[in-house]
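Note that the coordinates shown come from a computational prediction; the quantities given were computed from them, not determined experimentally.
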Amino acid sequence: MKLMSAYIFILISCVSAGNIYGAGPEYQQAMKTSIAALDSVVVPQQYMQLANNFSRIANVESAEWLPDYYAAYCFAMSVFTSHDKKNIDTYLDQADLLIKKADSISPDNSEIITVKGLISSARIMADPMSRGKKYGTLANQQYKQAEKLDSLNPRPVLLEGQGLFYTPKMFGGGKDKAKPVIEKALVKYNLFKPANDIAPHWGRKMAEDMLKQCQ
């Protein structure tokens with residue numbers, strides 16, 4: 001299984017922009033291939049590879065917001081899943097540039113604001129003691145904004161619950177505070193239907209796993 005996953009990533013990275021990207025179907029297929037790989041990521045290096053793949057698509061399809069969105073998401077997730085703390089801000093600075101570009105293409109987009117919150121949360125990883133209050137507050141504001149823009153979107157609710165889960169009880173967090181928020185997110189996941197095959201749909205398994213830890 002691991003060999004097959006590695007093969008898929010090598011295959012994706014070796015295909016040149018000239019023969020997979022372009023108008024219409026080619027763009028859709030390139031996105032579907034990378035999103036399918038994203039759904040099975042197991043190590044930080046795979047997030048980095050996919051961030052580069054989505055960035056290459058974005059360079060060709062400059063009018064589309066989704067490639068930059070997914071690239072930013074991958075950079076942020078690589079921070080959460082890696083033990084390497086030295087390059088956190090480097091990766092997140094790149095994520096910021098990408099998500100700002102996506103925002104310029106599609107303003108007031110709940111999914112984009114959600115990833116802005118994810119990036120803010122990831123900033124905490126570099127130094128939780130000194131950054132927790134600043135970036136935790138910013139992330140919560142962004143999640144609330146994203147939920148206001150689209151009350152059916154489960155992802156900002158999930159990430160708000162995740163923030164509470166990892167916040168110590170003495171600072172207003174903990175499993176008891178996180179549980180009802182994550183339950184709310186799962187209700188939204190049960191009702192949520194992606195707009196199309198390449199629209200964001202991530203987070204359900206994360207919510208299910210976190211709810212189990214809250215029991």
Side-chain angles (χ1 to χ4, degrees), residues 2 5-6 8-9 12-13 31-58 65-103 109-128 131-132 135-136 138-140 142-143 146 153-167 178 182 185 189 192 194 198-211 213:
K2 288 183 178 179
S5 295
I8 291 171
F9 275 90
I12 292 171
S13 59
M31 290 293 290
K32 287 178 184 178
T33 301
S34 289
I35 291 168
L38 180 59
D39 288 339
S40 60
V41 164
V42 292
V43 296
Q45 290 82 357
Q46 291 174 324
Y47 278 120
M48 295 301 296
Q49 179 63 65
L50 283 170
N52 292 329
N53 289 344
F54 284 118
S55 291
R56 284 195 289 270
I57 299 173
W65 65 272
L66 278 168
D68 288 302
Y69 163 90
Y70 279 115
Y73 170 77
C74 288
F75 274 118
M77 289 303 294
S78 74
V79 168
F80 282 112
T81 56
S82 175
H83 296 295
D84 176 19
K85 305 301 179 186
K86 295 182 296 184
N87 295 309
I88 285 178
D89 283 325
T90 299
Y91 295 150
L92 295 178
D93 287 347
Q94 183 63 34
D96 267 332
L97 290 174
L98 291 160
I99 206 64
K100 284 176 182 175
K101 183 183 170 193
D103 192 32
N109 184 316
S110 176
E111 298 289 2
I112 291 172
I113 304 302
T114 298
V115 169
K116 285 186 176 184
L118 184 68
I119 295 167
S120 297
S121 294
R123 295 275 185 194
I124 300 172
M125 301 291 288
D127 189 351
R131 293 188 175 193
Y135 287 107
L138 177 59
N140 282 331
Q142 290 163 325
Y143 298 146
N153 186 354
R155 278 163 286 283
V157 183
L158 164 63
L159 294 179
E160 182 184 353
Q162 182 184 59
L164 287 168
F165 182 87
Y166 288 110
T167 298
I182 296 167
Y189 274 110
F192 176 78
I198 62 174
H201 62 265
W202 56 268
R204 173 184 282 277
K205 187 177 186 305
M206 188 190 306
E208 292 171 342
D209 291 345
M210 193 160 292
L211 184 59
Q213 296 179 64

Audit row: His201, Asp39, side-chain contact (heavy atoms from CB on, under 4.5 Å) steps and yes/no: CA-CA 10 Å; His201 62 265; Asp39 288 339; 3.1 Å; yes
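- Expressed to the nearest 0.5 Å, how far CG of Asn52 lies from CZ of Phe75 amounts to 5.5 Å.
- Across all non-hydrogen atoms, the minimal contact from Ile112 to Ala102 is CD1-O, 3.4 Å.
- The two atoms that bring Gln142 and Ile113 nearest to each other are O-CG2, 3.2 Å, heavy atoms only.
- If you take CG on Leu159 and OG on Ser120, they are separated by 11.0 Å, rounding to the nearest 0.5 Å.
- For the residue pair Tyr143 / Ser121, a side-chain donor-acceptor distance below 3.5 Å is found, with atom types taken as modelled.
- The aromatic rings of Phe54 and Tyr70 sit parallel, their planes meeting at an angle under 30°, below the 60° perpendicular limit.
- Side-chain atoms of Ser40 come within 3.5 Å of backbone atoms of Ala37 as a donor-acceptor pair (strictly under, hydrogens ignored).
- The backbone N or O of Val43 sits less than 3.5 Å from a side-chain atom of Gln46, completing a donor-acceptor pair.
- Across all non-hydrogen atoms, the minimal contact from Leu118 to Ala76 is CD2-CB, 3.9 Å.
- The distance from the CZ atom of Arg155 to the OG atom of Ser110 is 8.0 Å, given to the nearest 0.5 Å.
- Nearest approach of Val115 to Ala72, heavy atoms of both residues: CG1-CB, 4.2 Å.
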Criterion side-chain hydrogen bond (donor to acceptor under 3.5 Å, both in side chains) on Gln213 and Asp209, from CA distance to verdict: CA-CA 7 Å; Gln213 296 179 64; Asp209 291 345; over 6 Å; no
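- Here Asp96 does not pair with Lys100 in a salt bridge; the nearest charged N to carboxylate O distance is not below 4.0 Å.
- Here the straight-line distance linking atom CD1 of Ile198 with atom OG1 of Thr33 works out to 11.5 Å at 0.5 Å rounding.
- Atom OG1 in Thr114 sits 5.0 Å away from atom CG in Asn153 (nearest 0.5 Å).
- The main-chain N or O of Arg131 is never found under 3.5 Å from a side-chain atom of Arg123 such that the two would form a donor-acceptor pair.
- Heavy-atom minimum distance, Leu98 versus Ala71: CD1-CB, 3.7 Å.
- Relative orientation of the Tyr69 and Tyr73 rings is parallel, given thresholds of 30° and 60° on the angle between their planes.
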Chi angles and distances behind the side-chain contact (heavy atoms from CB on, under 4.5 Å) call for Asp89, Met125: CA-CA 10 Å; Asp89 283 325; Met125 301 291 288; over 6 Å; no
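- The nearest pair of heavy atoms linking Pro156 to Ala146 is CB-CB, 3.8 Å.
- Under the 4.5 Å side-chain criterion, counting only non-hydrogen atoms from C-beta, Glu111 is in contact with Trp65.
- Distance check, rounded to the nearest 0.5 Å: CG of Leu158 to CD of Glu208 gives 10.5 Å.
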Evaluation steps, side-chain contact (heavy atoms from CB on, under 4.5 Å), between Lys85 and Ile88: CA-CA 6 Å; Lys85 305 301 179 186; Ile88 285 178; 3.7 Å; yes
